[in-house]
Student: 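The following block contains the structure, expressed as structure tokens.
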Amino acid sequence: MNIDQGEDGNGVLSRSERPDAGLGHASSAGITLMGDPGSRGYFGEFGGQFVPEALVPACQQLETAFRSAWPDSSFRKSLDGILHAYAGRPTPVTECRRLSENLGIRLLLKREDLTHTGSHKINNVLGQALLAKRMGKPRLIAETGAGQHGVAAATAAALFGLECEVYMGEMDVHRQELNVFRMKLLGAKVRSVSNGSRTLKDAVNEALRDWVANVESTYYCIGSVVGPHPYPWIVRELQAVVGNEARSQCREILGGADPDVVVACVGGGSNAAGTFAGFVDSSSELIGVEASGGAAISRGVPGVVHGMKSMFLQDDDGQVQEAQSISAGLDYPGTGPEHAHLSSLGRARYTAANDVQVLDAFSLLSRTEGIIPALEPAHALAFVIEAARAGEIPGGASVLITLSGRGDKDVAQVMDLTAGG
Amino acid sequence: MKLTSYRQKTSEPEILDSTVPGRQSQEPGAAGEPGAAGETGPADADNVRMEGTPGDAFRMHLLPDHKLLVPYVTGGMTPHWAEFVEAAFEAGADGVEVGAPFSDPMMDGPSIQEASRRALGLGTSVQEVISAIARLRTTLLPPAPLFLMSYYNVVFRLGLRRAASTFAEAGITGAILPDLPLHEAEEWTSEARAAGIANIMLVAPTTPDDRARSICNTASGFVYGVGRMGVTGERTDLAKSSRQVAARLKAMTKLPVLVGVGISTPDQAIEVCQDADGVIVGSGVVRRILEGASPADIARFLGGFRKSLDSG
């Protein structure tokens, strides 16, 4: 395979060369790669819990609750039951025959678009809402970019009888008005955030402000592998179902082999984290695809924002830059700390796709496979299309892409963007 | 009124000195005060006297019954923002907290968010704010304490050591980093100590006592009691938690205990100062500046606090 030479020279090491694959990068004892980040929540040098003192007890309480719930078989049984009977898991892996032929590779899609609510976000919110219920918190708050997490959170809140408020940047409220209406239908209040860049990062700020003021009654349901410890860990654990299912499904399809390449889009990075978690101990190449206008790992530098030390788009003064992307779900100027860690170790490689490539991929998958993808996973597909055509992914290679969501929410936007074009 | 402890500091100013950065909790209690609840002790061998240095936050104000008034201004929020700092001192402020503008001020309510946005919109850099503080240092009667409030990313991006020494060179008395909790603060604490600037730390209403005690033992300059759960902003009522956090902290530390967040009126300041050593007034100042107040207007507004605190 020759696909590991990224522009940044951040090549992927083979398993035997990979540093401390069994120990992680941290000095704390017993931390495995994509394992328990320990009580301080560090993935190597990234992560941590940079919150005001007012939120420290709440983060600690959440960690305690999760450490008690996660190994509890009754909690897991409830969650698995809901994921199956309500969310529609397991989702299939679909082999794309026409597109595979077109690209000269063997392309498999993990179909998170087929879950209830239409994206992988449901995996996370059902787990967190169940945790909120267990913690006795009657109120759920969430931030949302594309609206997918907001819809998922509102759905889970409705299912569990929790009050729900969703913070959404004003820009996104306009871009995703159907999702706003969906959330309202589901009984949630949508709070339009009109400060800052009026996008996802400002929605996170506003949700954190709400949480500080209402921490006793409120569970903050973060939508991605971002924020202060323990969120990046909790959300990755809840999304690992994607990668774990896909690993065994791929083996059935590929005659016991793992895919040569595993690709997922990265905004905050939850579907990628969940996908990678299933393959991190395999020999598959792991590739995260960011939006070129929001490429926090490819173009960002280390920083401490939204409670975590990670990679962020920022200027020399540490002012966070606004991400620019066709896709509201990737419009976040940072990324999860575990991705920053996987990148620094070279275990995963991060690259970016631009809006034009993404629209081409969106259209190509629709026409060749009858699957309209969300714009977010269309980034992962755009990379694979380019890399396969350039020979960067060699002919015949097996490639798994996590199709994190369906494209219904984006159809009107794509129609506007391509009209007359 | 719980003024006795403050009087003690007045007669024994070295007690304040004993709480220089980095002092840990090895002292069982204040010697000479058997049974004292605080864990900070008197001067001892490893104590560095900081008289005349920036870490010596409020020495010259240690008069009996004197309550500390520390207004807040966002650096760069108007082109001539430094005049508001001077006005605050003219009105009897004991120190001023200057905020470095930040793109994502998650602990701040609408007024200070807007001030930050305007400052960044005017192109204000962190270095400009620091330089302006250095200029204020030369025009203000020394040693007026000037504190820098900054979100941690600004310091992290600058580099902790470089930030601490830059702050010290500018004559900044101490730094307030509201999103840097105790368990992530080790490196900053040591850099601040090495540079000789105070490390002002926050304690929230939800902070458990043992943790609050550790914070008091790590902090220097003063301890910032967060008056209520929530972001900065003006409130019509004083939260019960304001006096509670102050009273808890007073029983733990010899450092001055100032309460901020939700202190909007002179009456609220008097009430919280029944337990606290002073108040930080932020959003009330910033909102008035945003609405076009002049330095004289701000001096009048803060003069009301000064008068009330002096007669309350």
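Letters go in sequence order (proteins before strands), and every chain restarts at 1.
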Student: Dump the intermediate steps for side chain to side chain donor-acceptor pair (under 3.5 Å) on R139(A) and S217(A), then the final yes or no.
Tutor: CA-CA 6 Å; R139(A) 179 171 178 263; S217(A) 68; 5.0 Å; no
Student: Salt bridge check: are R213(B) and D210(B) linked by an N-O gap of less than 4.0 Å?
Tutor: no
Student: Please rank N205(A), D210(A), V305(A), L208(A) by heavy-atom pairs under 4.5 Å with chain B and give me the top one.
Tutor: N205(A)
Student: Specify which of V304(A), N195(A), V215(A) makes the most heavy-atom pairs with chain B at under 4.5 Å.
Tutor: V304(A)
Student: Please look at L182(B) and chain A and tell me whether the side chain, the backbone, both or neither of the residue comes under 4.5 angstrom of a heavy atom of that chain.
Tutor: both
Student: Counting heavy-atom pairs under 4.5 Å to chain A, which of S103(B), S116(B), A185(B), S125(B) comes out on top?
Tutor: S103(B)
Student: Could you tell me which portion of D315(A) (side chain, backbone, both or neither) has an atom closer than 4.5 angstrom to a non-hydrogen atom of chain B?
Tutor: backbone
Student: Scan side-chain atoms only and decide if S68(A) and R134(A) contain a donor-acceptor pair under the 3.5 Å cut-off.
Tutor: yes
Student: Side chains of Q128(A) and Y220(A): donor-acceptor distance under 3.5 Å anywhere?
Tutor: no
Student: Salt bridge or not between R157(B) and D316(A)? Use side-chain N to carboxylate O under 4.0 Å.
Tutor: yes
Student: Sort P110(B) into side chain, backbone, both or neither according to what part of it lies under 4.5 angstrom from a heavy atom of chain A.
Tutor: neither
Student: For V56(A), is it the side chain, the backbone, both, or neither that has a heavy atom closer than 4.5 Å to a heavy atom of chain B?
Tutor: side chain
Student: With a 4.5 angstrom heavy-atom cut-off, could you sort out which part of F156(B) is near chain A: side chain, backbone, both or neither?
Tutor: side chain
Student: At a 4.5 Å cut-off on heavy atoms, which part of R211(B) comes close to chain A: side chain, backbone, both, or neither?
Tutor: side chain
Student: Using non-hydrogen atoms and a 4.5 Å limit, figure out which bit of P302(A) sits close to chain B: side chain, backbone, both or neither.
Tutor: both
Student: Which answer fits Q113(B), side chain, backbone, both or neither, if we ask what part of it has an atom under 4.5 Å from a heavy atom of chain A?
Tutor: side chain
Student: For S325(A) and A291(A), indicate whether the former's side chain and the latter's backbone hold a donor-acceptor pair under 3.5 Å.
Tutor: no
Student: Just give me the residue among K309(A), H306(A), E216(A), E206(A) that pairs up with chain B most often, heavy atom to heavy atom, under 4.5 Å.
Tutor: K309(A)
Student: Tell me, out of R117(B), M107(B), H183(B), who's got the most heavy-atom pairs with chain A below 4.5 Å.
Tutor: H183(B)
Student: Can you tell which of P208(B), A212(B), P105(B) has the highest number of heavy-atom pairs within less than 4.5 Å of chain A?
Tutor: P105(B)
Student: Between V155(B), I215(B), T206(B), V203(B), which has the largest tally of heavy atom pairs under 4.5 Å with chain A?
Tutor: T206(B)
Student: Looking at R228(B) and D237(B), is there a salt bridge between them, counting it only when a charged N and a carboxylate O are closer than 4.0 Å?
Tutor: no
Student: What part of V126(B) lies closer than 4.5 angstrom to a heavy atom of chain A: side chain, backbone, both or neither?
Tutor: both
Student: Give, as side chain, backbone, both or neither, the part of P205(B) having an atom under 4.5 angstrom from any heavy atom of chain A.
Tutor: neither
Student: Ion pair present between D275(B) and K250(B), side-chain N to carboxylate O less than 4.0 angstrom?
Tutor: no
Student: Using a strict cut-off of less than 4.0 Å between a Lys/Arg side-chain nitrogen and an Asp/Glu carboxylate oxygen, indicate whether R67(A) and D36(A) qualify as a salt bridge.
Tutor: yes
Student: Checking S197(A) against D202(A): is there a side-chain donor and acceptor pair closer than 3.5 Å?
Tutor: yes
Student: Under 3.5 Å, is there a donor-acceptor pair linking the side chains of N199(B) and S220(B)?
Tutor: no
Student: Between Q60(A) and chain B, with a heavy-atom cut-off of 4.5 Å, which part of the residue counts as in contact: side chain, backbone, both or neither?
Tutor: side chain
